[in-house]
Amino acid sequence: MVLHWGGPTDTVCWGRTPHVLRIRCAQTFRQRFLGLHAWCAWGDEPWGLLFPGCRAIHTLGLRLPVDLVFLGAGGRILHGVRGLAPNRLAGCGTARAVLELPSDYCGSSGWEARVWAAWRLWKMDA
């Protein structure tokens with residue numbers, strides 16, 4: 001399988017299952033500031049918004065709750081927050097990146113493996 005990542009507007013997918021996880025990366029100041037407001041709705045297929053080098057996330061102005069996954073070195077999952085309500089703040093002091101996901105994504109079986117695999121593919125192409 002050959003992977004080519006074209007930047008923050010491109011996505012990386014893992015596997016060929018119905019539960020493919022795609023990652024979009026917020027790298028510019030504008031993308032990080034706007035967060036999910038900079039992209040369209042979640043849609044039918046799950047995807048996550050990755051904030052590399054980030055330790056805290058706010059949900060100011062969001063209409064729906066989100067799940068957060070705080071990632072450490074090597075994509076290790078440090079902490080997960082399920083259903084963070086709008087207008088809230090969450091953080092993890094040792095995180096190296098944060099992944100925002102649709103609410104209840106972290107309630108599905110096997111979500112840890114999909115997050116870790118998607119992170120590894122993103123790191124390969126970054």
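What you see below is based on every heavy atom in this structure, not just the backbone, and it leaves out hydrogens, waters and symmetry mates. This one's a predicted model, so the numbers in the text were calculated from it and none came from an experiment.
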State, to 0.1 Å, how close [X] and [Y] come at their nearest heavy-atom pair, and which atoms those are.
| X | Y | result |
| --- | --- | --- |
| Val69 | Cys106 | CG2-SG, 3.7 Å |
| Ala95 | Leu78 | CA-CD1, 3.6 Å |
| Gly83 | Ser103 | CA-OG, 4.0 Å |
| Pro52 | Ala97 | CA-CB, 3.9 Å |
| His58 | Glu100 | O-OE2, 4.2 Å |

Closer than 3.5 angstrom, by distance alone: can the side chain of Asp67 be matched with the main-chain N or O of Tyr105 as a donor-acceptor pair?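 A pair under 3.5 Å: yes.
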For Trp116, check side chain to side chain contact (heavy atoms under 4.5 Å, CB included) against everything at least two apart and list the hits.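 Result, side chain to side chain contact (heavy atoms under 4.5 Å, CB included) vs Trp116: Arg120.
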Could you pull out all residues at least two apart from Ser109 that satisfy side chain to side chain contact (heavy atoms under 4.5 Å, CB included)? none
Please tell me if the side chains of [X] and [Y] come closer than 4.5 Å, counting only heavy atoms from C-beta onward.
| X | Y | answer |
| --- | --- | --- |
| Val115 | Leu99 | yes |
| Leu84 | Pro65 | no |
| Trp47 | Ile23 | no |
| Val98 | Leu50 | no |

When you check the side-chain N and O atoms of Thr94 and Arg55, is any donor under 3.5 Å from an acceptor? no
Could you give the distance from OG1 (Thr59) to CG (Leu64), rounded to the nearest 0.5 Å?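 Separation between the atoms: 10.5 Å.
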CD1-SG distance between Ile77 and Cys92, expressed to the nearest 0.5 angstrom: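 Going from CD1 on Ile77 over to SG on Cys92, the span is 12.0 Å.
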Output every pair passing salt bridge (Lys or Arg N to Asp or Glu O under 4.0 Å) with a member in residues 83-98, not counting sequence neighbours, ordered by first then second residue. none
Sorted by first residue and then second, give each salt bridge (Lys or Arg N to Asp or Glu O under 4.0 Å) pair with at least one member in residues 72-87; sequence neighbours left out. Arg82-Asp104
Let's go through Leu68 and Phe51 carefully: what are the C-alpha distance in whole Å and the side-chain angles of both, what is the deciding distance for side-chain contact (heavy atoms from CB on, under 4.5 Å) to 0.1 Å, and is it a yes or a no? CA-CA 11 Å; Leu68 300 176; Phe51 293 86; over 6 Å; no
